[in-house]
Amino acid sequence: MTSVPERPNLDGLEERWSEEWEAAGTFRFDRTATRDRVFSIDTPPPTVSGSLHIGHIFSYTHTDCVARYRRMAGEEVFYPMGWDDNGLPTERRVQNYYGVTCDPNLPYDPDFVPPEKPEKRSIPISRPNFVELCRLLTLEDEQVFERVWRKLGLSVDWSMTYATIDKVSQRTSQMAFLRMLERGEAYQAEAPTIWDVSFQSAVAQAEIEEKELPGAFHRIPFRFSDGSGQVEIETTRPELLPACVALVAHPEDERYRPHFGTTVTTPLFGSPVQIRPHELADPEKGSGIAMICTFGDTTDVTWWRELALGVRPVIDRRGRFVEIEWGSEGWESADPEAAQANYDELLGKTVKQAQKRIVEQLIEQGLLVGDPRPINHMVKFFEKGDRPLEIVTSRQWYIRNGGRDDDIRERLLKRGAQLVWHPPYMLNRYEGWVGGLNGDWLISRQRYFGVPFPVWYGVDDNGDPDYSKRHTPAEDLLPIDPSTDSPVGFDESQRDQPGGFTGDPDVMDTWATSSVSPQIISGWADDSDLFDRVFPMDLRPQAHDIIRTWLFSSVVRADAEHDSLPWTHAAISGWVLDPDRKKMSKSKGNVVTPLPLLERFGSDAVRYWAANGRPGTDTAVDEGQMKVGRRLAIKILNVSKFVLGLAGDEAWNGEVTEAIDRAMLAQLADVVAVTTEAFESFDYARAIEKSEAFFWPFCDNYVELVKGRAYGTGSEAAVASARRSLVEALSTLQRLFAPHLCFVTEEVWSWWQPGSVHRQGWPEADELRALAGEGDPGVFTVTAEVLGEVRRAKTEAKRSLRVEAEAVQVFDTPDRLALIEPARADLMEAGRISDLVCTESESASVDVTLSPED
RNA sequence: GGGCGAUUGGCGCAGUUGGUUAGCGCGCUUGCAUGACACGCAAGAGGUCACAGGUUCAAUUCCUGUAUCGCCCACCA
């Protein structure tokens with residue numbers, strides 16, 4: 001039965017056991033399990049167009065530890081894996097890899113084969129062809145990822161994977177969208193939109209980040225139209241002067257109060273604009289009076305909307321200055337010809353070029369007060385972009401997320417508070433974000449690779465889309481691609497023809513699909529049997545930086561569709577920092593790849609490092625911790641081998657009679673209780689900390705104290721007690737470490753027990769307590785202390801620990817001496833003590849007389 | 001500007017309801033081949049728990065400030 005290798009080691013455990021687990025279906029989800037027995041996990045899908053870095057290893061290990069605990073605690077764990085192959089990163093990669101570009105107007109070519117090598121000039125292909133290539137390339141990436149995950153030992157059910165662009169995801173995503181559209185939770189609007197001029201797409205509030213850039217204040221005078229003087233504004237964007245539609249100052253600002261309602265003219269262009277009051281104008285900033293342009297920033301949009309101003313757009317979607325359409329009367333200006341002449345010099349220029357020119361014009365015409373004053377200011381960027389965002393007017397899809405409706409906002413705040421956060425303070429991030437929303441969620445992107453909007457529009461007699469005539473497909477037809485499928489009642493010959501139809505050209509934002517990941521993996525669209533067993537899910541593990549995006553948007557979708565939370569718990573992980581505690585990023589070049597670490601230290605060692613990162617806490621890459629993990633794994637091998645050598649199968653029949661054995665088991669029972677409690681609150685780190693804190697003294701003190709007895713010294717009952725206690729402790733410890741060190745524990749379990757350790761029951765504190773009986777934990781603790789004193793004497797004498805202690809005198813209080821007495825024989829054997837005398841005394845000390853040196 | 005975290009020996013970290021000499025690991029020093037483990041074992045040195053107040057019989061732990069670091073948010077003229 002028991003079969004222990006001669007020299008156990010960690011080599012090859014990962015390959016051996018991950019193959020075994022796959023073959024035996026150890027982590028296969030049993031879908032006959034009912035909801036009350038299921039623990040379901042909404043695994044984050046890693047972006048496959050990137051590469052796995054150590055941060056993934058870190059946070060996925062946390063989830064895996066929890067999953068393994070839950071499984072052992074008797075739950076049926078639903079633990080799938082997803083791949084995020086959606087969005088811009090994949091698009092870019094496919095374009096470069098195959099040398100193609102997507103043209104949504106082209107028809108699908110079923111025979112298209114990409115060139116071996118990308119050609120100089122990129123080949124335009126249809127959206128379905130483009131999407132096919134994306135799938136082809138991401139499939140390879142997924143396999144690489146899966147290999148790393150298996151090496152790490154994630155206990156996911158590999159028969160349950162999804163990709164954010166696969167059919168099920170598209171279908172779920174489109175279906176959820178259409179239902180929101182029907183309920184009025186999704187809508188289309190023509191409005192000023194934050195726009196990235198490089199990517200040619202609108203972007204959402206959540207995808208914006210700010211960078212500090214150098215800029216300059218330009219002080220520019222506006223003359224009163226009645227010739228009575230001037231006001232001076234300050235701006236960092238003088239190029240928007242032709243787009244100026246009003247000036248604005250704070251209503252209480254005494255400097256400008258008398259001028260509210262009066263008209264001034266814009267320099268260079270001579271357009272009449274009014275001075276208006278608004279609270280958002282900051283008297284402290286610049287000269288306290290600002291120009292409103294259509295549109296320089298989001299404040300402009302607010303002012304423009306709330307003051308009901310006209311619009312003078314000057315920047316197009318490519319970020320260049322365009323012809324202004326003024327109608328028949330030309331420039332609305334005191335001097336239309338001069339205005340047009342000034343503006344002609346800006347035509348076709350980029351924002352940067354135009355700014356340069358307009359400043360020259362201002363200087364030439366004496367319209368700049370003083371020199372431009374250099375400052376550094378924050379400028380909004382798309383998080384993946386490298387040019388400042390502009391604001392253009394466009395038609396986009398939105399989802400109501402509370403940004404414009406207080407009642408929705410309140411409801412979503414309440415949902416957030418219902419969610420159990422680990423750690424709890426992460427709720428603040430959620431509430432801060434939801435409270436600060438200033439618009440609905442923009443979900444349409446003018447890109448190609450993504451889930452298309454399942455919508456067509458009628459085409460009017462002029463051949464233009466008629467957005468009021470909307471066609472949507474029945475749910476059972478989903479997923480559809482409106483660029484190749486036609487709506488019911490039409491055929492392809494009517495595409496883009498007067499009286500016919502046209503497809504919505506946009507795709508959904510990545511988060512619009514990711515936000516329904518719980519519905520995708522739960523089978524909401526097509527598998528109601530599965531759905532009922534796993535939804536609402538139990539756990540969403542994710543990092544703190546995407547609380548505002550993935551977590552929040554998922555709450556929005558589940559609230560709208562199911563009137564519930566998508567999951568009960570959110571476990572928020574920290575980031576991995578490089579060894580110098582700097583955040584890892586590709587641009588810094590400090591990204592650590594995991595595979596070499598997994599190979600060097602072993603997966604259990606890397607898992608150990610990860611498991612020591614507290615929930616929600618940023619943690620540095622620390623090879624020292626991995627070394628410690630490796631040592632712990634080796635220790636588990638060796639102590640298992642030793643104990644199994646001392647105690648055979650018949651050890652289970654023994655009875656625990658000795659006080660020190662009972663003491664050890666009583667302590668172990670407490671450890672089981674506290675680790676169980678830690679795991680119940682998703683604190684995998686505290687769990688391993690407590691197990692480990694017991695484990696080392698167990699090896700170094702308990703095993704040392706009882707090994708003589710376990711070998712056969714003493715009465716039959718005493719021997720049996722030691723052996724039984726050893727196998728009980730070993731079995732318990734192997735299971736306690738199983739969630740974290742999944743490979744080595746499986747290895748040592750296999751030496752003497754049938755089945756996988758990962759399918760065993762979690763240790764029960766009560767069972768151990770029953771074995772321990774009335775055992776006083778102090779017997780073990782105090783005896784170990786005395787043994788320590790004896791060892792110290794030997795070490796300080798620079799003698800071997802094996803040397804005989806001729807006489808040991810223990811001075812201590814009566815109650816402590818009473819604890820030593822029942823373990824006297826073990827203590828004398830372990831300490832090689834020939835004569836042990838205990839003497840009552842107020843102050844504790846131990847006198848040791850060693851045998852003389854040879 | 002608002003909010004959230006962090007601050008414990010050279011380094012990385014625990015310290016969960018305030019309570020006797022503040023723990024652990026790495027590193028360092030000194031020993032030891034002891035019936036599993038030298039990828040081991042034993043022992044040792046090393047901390048005014050960021051700073052200043054307050055509450056309390058008692059504060060690393062609670063409260064209020066301050067400083068430094070990190071993160072999130074904000075309308076960035």
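The shown structure was predicted, so the numbers you read here are calculated from the model rather than taken from an experiment. In what follows, every chain begins at residue 1, and chains take the letters A, B, ... in the order their sequences are listed.
If you measure from atom CG of Leu637(A) to atom P of rG40(B), you get 13 Å, rounded to the nearest angstrom. Rounded to an integer number of Å, the gap from Arg429(A) CZ to rA6(B) P is 12 Å. Here the P atom of nucleotide rA36(B) and the CZ atom of Phe695(A) are 16 Å apart, to the nearest Å. The CG-C1' distance, from Asn612(A) to rG12(B), rounds to 10 Å in whole Å. Taking atom CD on Glu677(A) and atom P on rU17(B), their separation rounds to 11 Å, with Å as the unit. Regarding Arg832(A), its CZ atom lies at a distance of 13 Å from the C1' atom of rA33(B), rounded to whole Å. Between the CD1 atom of Ile547(A) and the C1' atom of rG3(B) there is a distance of 13 Å, given to the nearest Å. At whole-Å resolution of the value, CD in Glu390(A) and C1' in rC76(B) are 13 Å apart.
Nucleic acid contact class of Lys798(A) (heavy atoms, under 4.0 Å, all strands): sugar-phosphate only. Glu704(A) comes within 4.0 angstrom of a nucleotide base, judged by non-hydrogen atoms across all strands. Nucleic acid contact for Glu829(A): base, since at least one base atom lies under 4.0 Å from a heavy atom of the residue. Ile233(A) comes within 4.0 angstrom of no nucleic acid atom, judged by non-hydrogen atoms across all strands. Residue contacts for Asp700(A): at a heavy-atom cut-off of 4.0 Å it reaches the sugar-phosphate backbone alone, with no base atom in range. Contact annotation for Arg614(A): backbone-only contact, meaning every heavy-atom pair under 4.0 Å involves sugar-phosphate atoms and none involves a base. Nucleic acid contact for Ala693(A): none, since no nucleic acid atom lies under 4.0 Å from a heavy atom of the residue. Among the atoms of the strands shown, none is found under 4.0 Å from any heavy atom of Thr302(A). When heavy atoms are screened at a 4.0 angstrom cut-off, Val639(A) is found touching base atoms of the nucleic acid. Contact annotation for Arg630(A): base contact, defined as any heavy-atom pair under 4.0 Å involving a base atom. Nucleic acid contact for Trp609(A): none, since no nucleic acid atom lies under 4.0 Å from a heavy atom of the residue.
Remark: rU64(B) base-pairs with rA52(B). Criterion, Watson-Crick or G-U wobble with two distances under 3.5 Å. If you check rC75(B) for Watson-Crick or wobble pairing at under 3.5 angstrom, you find it has no partner at all. Pair check for rC41(B) finds rG31(B); Watson-Crick or G-U wobble, both atom distances under 3.5 Å. Base pairing analysis places rA58(B) opposite nothing; no Watson-Crick or G-U wobble pair with both distances below 3.5 Å involves it. Nucleotide rA36(B) forms a pair with no other nucleotide shown, judged by Watson-Crick or G-U wobble geometry with both contacts under 3.5 Å. Under the Watson-Crick or G-U wobble criterion, with both distances below 3.5 Å, rG5(B) is paired with rC69(B). Remark: rG18(B) base-pairs with no nucleotide in the shown strands. Criterion, Watson-Crick or G-U wobble with two distances under 3.5 Å.
To the nearest whole angstrom, the two C1' atoms, one in rA6(B) and one in rU60(B), are 14 Å apart. For the P atoms, the distance linking rG15(B) with rU56(B) amounts to 28 Å, nearest Å. Nucleotides rG44(B) and rA67(B) have their C1' atoms positioned 37 Å apart, rounded to a whole Å. Across rG65(B) and rG27(B), the matching C1' atoms stand 38 Å from one another, rounded to whole Å. For the P atoms, the distance from rC63(B) to rC26(B) is 35 Å, rounded to whole Å. For the P atoms, the distance from rU34(B) to rC51(B) is 49 Å, rounded to whole Å. Taking the P atoms as reference points, rC39(B) lies 48 Å from rU68(B), given to the whole Å. When the C1' atom is compared between rC75(B) and rU55(B), the two are found 43 Å apart, to the nearest whole Å.
Side-chain contact between Lys352(A) and Glu239(A) is absent, with no heavy-atom pair separated by less than 4.5 Å. Considering only heavy atoms from C-beta on, Ile547(A) stays 4.5 Å or farther from Trp433(A) through its side chain. Looking at heavy atoms from C-beta onward, Phe811(A) lies in side-chain contact with Asp847(A) at the 4.5 angstrom threshold. Here the side chains of Thr266(A) and Met291(A) are not in contact, with every heavy-atom distance at 4.5 Å or above.
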Residue pair Thr813(A), Glu842(A): steps toward the side-chain hydrogen bond (donor to acceptor under 3.5 Å, both in side chains) verdict
CA-CA 6 Å; Thr813(A) 54; Glu842(A) 286 297 308; over 6 Å; no
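In the set rC75(B), rC39(B), rC4(B), the nucleotide with an atom closest to the side chain of Ile634(A) is rC39(B). Comparing rC76(B), rA33(B), rC4(B) by their closest approach to the side chain of Ser800(A) singles out rA33(B). When each of rA38(B), rC75(B), rC4(B) is scored by its nearest atom to the side-chain atoms of Asn428(A), the top-ranked nucleotide is rC4(B). The listed nucleotides are rG35(B), rC73(B), rA42(B); the one nearest the side chain of Arg791(A) is rA42(B). The side chain of Asp622(A) lies closest to rG12(B) when the candidates are rA74(B), rG12(B), rC41(B).
One finds a side-chain N or O of Arg792(A) lying less than 4.0 angstrom from the OP1 or OP2 phosphate oxygen of rG44(B). Between Lys627(A) and rG27(B) there is a side-chain polar atom (N or O) within less than 4.0 angstrom of OP1 or OP2. Checking the phosphate oxygens (OP1, OP2) of rC26(B), a side-chain nitrogen or oxygen of Arg631(A) falls inside 4.0 Å. When the side-chain nitrogen and oxygen atoms of Lys635(A) are compared with OP1 and OP2 of rC41(B), one or more of them lie within a distance under 4.0 Å.
With no hydrogens or angles considered, a side-chain donor-acceptor pair links Trp752(A) and Gln734(A) at under 3.5 Å. Side chain to side chain, Thr675(A) and Glu689(A) fail the donor-acceptor criterion of an N or O pair below 3.5 Å.
With values rounded to the nearest 0.5 angstrom, Thr302(A) atom OG1 is found 10.0 Å from Phe295(A) atom CZ.
Between Asp604(A) and Arg630(A) there is no salt bridge, since no side-chain nitrogen of the basic residue lies less than 4.0 Å from a carboxylate oxygen of the acidic one.
Comparing Glu796(A) and Asp683(A), the nucleotide of RNA chain B nearest to each residue sits closer to the 5' end for Asp683(A). Between Trp303(A) and Arg548(A), the residue anchored closer to the 5' end of RNA chain B is Arg548(A), taking for each the nucleotide with the nearest heavy atom.
The ring of Tyr711(A) lies on top of the base of rG35(B), close enough and flat enough: under 5.5 Å between centres, under 30° between planes.
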